[in-house]
Amino acid sequence: LSAVTACGGNSVADALNIGSPRARLVNVIPNGPSVQLYRNDNLQSDAGSLGYEQASKYFDTVSTTSTWSLRDVSTGTQVGSTSLRVAGSTRYTLVAFAGAGTQADITQISDPFNFDLGKKNARVRVVNGSSNSGAFDLYLTAVGSGLASASPVLSSVSYEGMSPASGIDSYTISAGTYQLTITAGGTKTVLFNGTLVAKNDDDLLLVTLPKSSAVGDIKVLDIP
């Protein structure tokens with residue numbers, strides 16, 4: 001895994017809560033259509049047209065409560081919607097999962113983006129988009145070290161869930177290179193193992209996805 005640079009905007013203004021709210025969309029619907037994002041029936045062109053495993057960059061939006069919906073790019077058919085209250089300099093991520101039939105489940109992530117301006121750390125959040133993994137734990141350890149005495153930094157992340165939870169700041173880590181290990185929840189059974197490089201001011205969203213249909217066979221998507 002490579003580190004992802006913080007997505008656009010003025011992070012200082014965000015931290016001081018004097019910037020505009022921002023939103024983005026992530027499409028993790030396997031075998032689903034490319035989708036476009038609408039707010040109150042208005043196309044959010046900054047989000048683009050997204051296929052599976054694609055994500056938009058953050059774009060400025062307005063502080064209000066709106067209905068956000070997804071539409072199939074090819075047919076214009078609405079495939080999912082959610083009500084979202086947007087306020088302050090918070091960053092919002094809408095993650096589209098496969099729902100029942102041709103519909104999509106939309107999960108909201110609200111990141112207050114509070115952090116110490118004097119410390120140039122990285123921030124990490126993980127989303128479980130792997131229906132074949134069950135709940136999992138995430139470890140960040142020294143490269144080459146084992147898990148015998150390690151504790152997860154983010155734990156019990158269920159499908160369509162995230163950690164830290166929505167409304168809580170992302171998990172803060174120092175810049176550096178880490179061994180990223182994902183295990184079946186409450187166990188040391190490894191589902192994924194890779195290297196994560198975190199740089200100062202990185203704002204990292206990691207999304208697990210099925211690598212195959214086999215139970216526990218997953219991969220990790222970096223959201224740029």
Side-chain angles (χ1 to χ4, degrees), residues 1-8 22-38 43-59 68-82 84 91-109 111 122-136 138 154 157-163 166 170 178 180-182 190-198 202-224:
L1 284 176
S2 300
V4 178
T5 303
C7 301
R22 294 187 176 93
R24 66 177 170 183
L25 174 65
V26 182
N27 182 351
V28 292
I29 309 173
N31 304 312
S34 293
V35 295
Q36 291 177 314
L37 181 65
Y38 286 73
L43 174 64
Q44 305 300 285
S45 56
D46 288 338
S49 298
L50 302 180
Y52 178 53
E53 297 188 20
Q54 292 184 324
S56 72
K57 294 185 180 298
Y58 281 112
F59 57 90
W68 295 73
S69 61
L70 300 180
R71 298 186 188 179
D72 185 321
V73 170
S74 61
T75 67
T77 303
Q78 180 173 302
V79 295
S81 68
T82 187
L84 175 63
R91 296 188 176 192
Y92 299 88
T93 301
L94 299 174
V95 186
F97 295 90
T102 60
Q103 294 298 294
D105 294 335
I106 303 175
T107 293
Q108 304 175 9
I109 304 174
D111 187 347
R123 295 168 292 280
V124 178
R125 190 183 304 270
V126 66
V127 172
N128 185 341
S130 46
S131 56
N132 61 335
S133 69
F136 62 70
L138 185 147
L154 302 171
V157 187
S158 59
Y159 180 57
E160 296 193 11
M162 76 291 299
S163 185
S166 179
S170 295
Y178 296 85
L180 168 62
T181 306
I182 294 174
V190 175
L191 304 180
F192 177 88
N193 196 26
T195 301
L196 177 69
V197 179
D202 275 348
D203 187 15
L204 311 177
L205 179 64
L206 308 176
V207 183
T208 64
L209 296 172
K211 187 175 180 180
S212 74
S213 60
V215 175
D217 188 21
I218 67 173
K219 58 185 178 181
V220 176
L221 175 67
D222 296 341
I223 305 300

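One is the number of the first residue; the rest follow in order along the sequence.
- At least one donor-acceptor pair closer than 3.5 Å links the side chain of Thr208 to the backbone N or O of Gly129.
- In this structure, the side chain to side chain donor-acceptor pair (under 3.5 Å) partners of Thr93, at least two apart in sequence or on a different chain, are Arg24.
- To the nearest 0.5 angstrom, Leu37 atom CG is 6.0 Å from Leu70 atom CG.
- Contacts of Val124 classified as side-chain contact (heavy atoms from CB on, under 4.5 Å), with partners at least two apart in sequence or in another chain: Ile173, Leu204, Leu206.
- With sequence neighbours excluded, no residue forms a ring pair (Phe, Tyr, Trp, His ring centres under 6.0 Å) with Tyr38.
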In sequence, state the C-alpha distance, the side-chain angles, and the governing distance for Ile109 and Val127, and then conclude on side-chain contact (heavy atoms from CB on, under 4.5 Å).
CA-CA 10 Å; Ile109 304 174; Val127 172; 3.6 Å; yes
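- Taking OH of Tyr92 as the start and CG of Asp111 as the end, the distance is 10.0 Å to the nearest 0.5 Å.
- The side-chain hydrogen bond (donor to acceptor under 3.5 Å, both in side chains) contacts involving residues 94-109 comprise Thr82-Gln108, where partners must be two or more places apart or lie in separate chains.
- Expressed to the nearest 0.5 Å, how far CG of Leu25 lies from CG of Leu94 amounts to 6.5 Å.
- Checked against side-chain contact (heavy atoms from CB on, under 4.5 Å), Ser74 has the following partners two or more places apart in sequence or in another chain: Asp72.
- In this structure, the separation between OG on Ser133 and CD1 on Ile182 is 8.0 Å, given to the nearest 0.5 Å.
- In terms of the side chain to side chain donor-acceptor pair (under 3.5 Å) criterion, Ser158 has no residue partners (sequence neighbours excluded).
- What you find for Asn132 and Ser212 is that their closest heavy atoms are ND2-O, 3.1 Å.
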Test side-chain contact (heavy atoms from CB on, under 4.5 Å) on Val207 and Val95 and set out the steps.
CA-CA 10 Å; Val207 183; Val95 186; 5.5 Å; no
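- Every side-chain contact (heavy atoms from CB on, under 4.5 Å) that Gln78 has, sequence neighbours left out, goes to Ser69, Arg71, Ser81.
- Under a 3.5 Å cut-off, the side chain of Asp202 and the backbone N or O of Ala122 do not form any donor-acceptor pair.
- Residues forming a side-chain contact (heavy atoms from CB on, under 4.5 Å) with Asn27 (at least two apart in sequence, or on another chain): Ile29, Val35, Leu50.
- The aromatic rings of Trp68 and Phe59 sit tilted, their planes meeting at an angle between 30° and 60°.
- Atom CG of Leu191 and atom NZ of Lys219 lie 15.5 Å apart (nearest 0.5 Å).
- The minimum heavy-atom distance between Ser130 and Phe136, with the atom names listed, is OG-CE2, 4.4 Å.
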Under the salt bridge (charged side-chain N to carboxylate O under 4.0 Å, His left out) criterion, do Arg91 and Asp203 qualify, and how do the steps go?
CA-CA 11 Å; Arg91 296 188 176 192; Asp203 187 15; 3.2 Å; yes
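- Not counting sequence neighbours, the partners of Gln36 by the side chain to side chain donor-acceptor pair (under 3.5 Å) test are Ser49.
- For Ser34, the side chain to side chain donor-acceptor pair (under 3.5 Å) test picks out no residue, with sequence neighbours left out.
- Under the ring pair (Phe, Tyr, Trp, His ring centres under 6.0 Å) criterion, Tyr52 pairs with no residue, sequence neighbours left out.
- Atom CD1 of Ile223 and atom OH of Tyr58 lie 10.0 Å apart (nearest 0.5 Å).
- Applying the salt bridge (charged side-chain N to carboxylate O under 4.0 Å, His left out) rule to pairs touching residues 205-217 yields nothing, sequence neighbours excluded.
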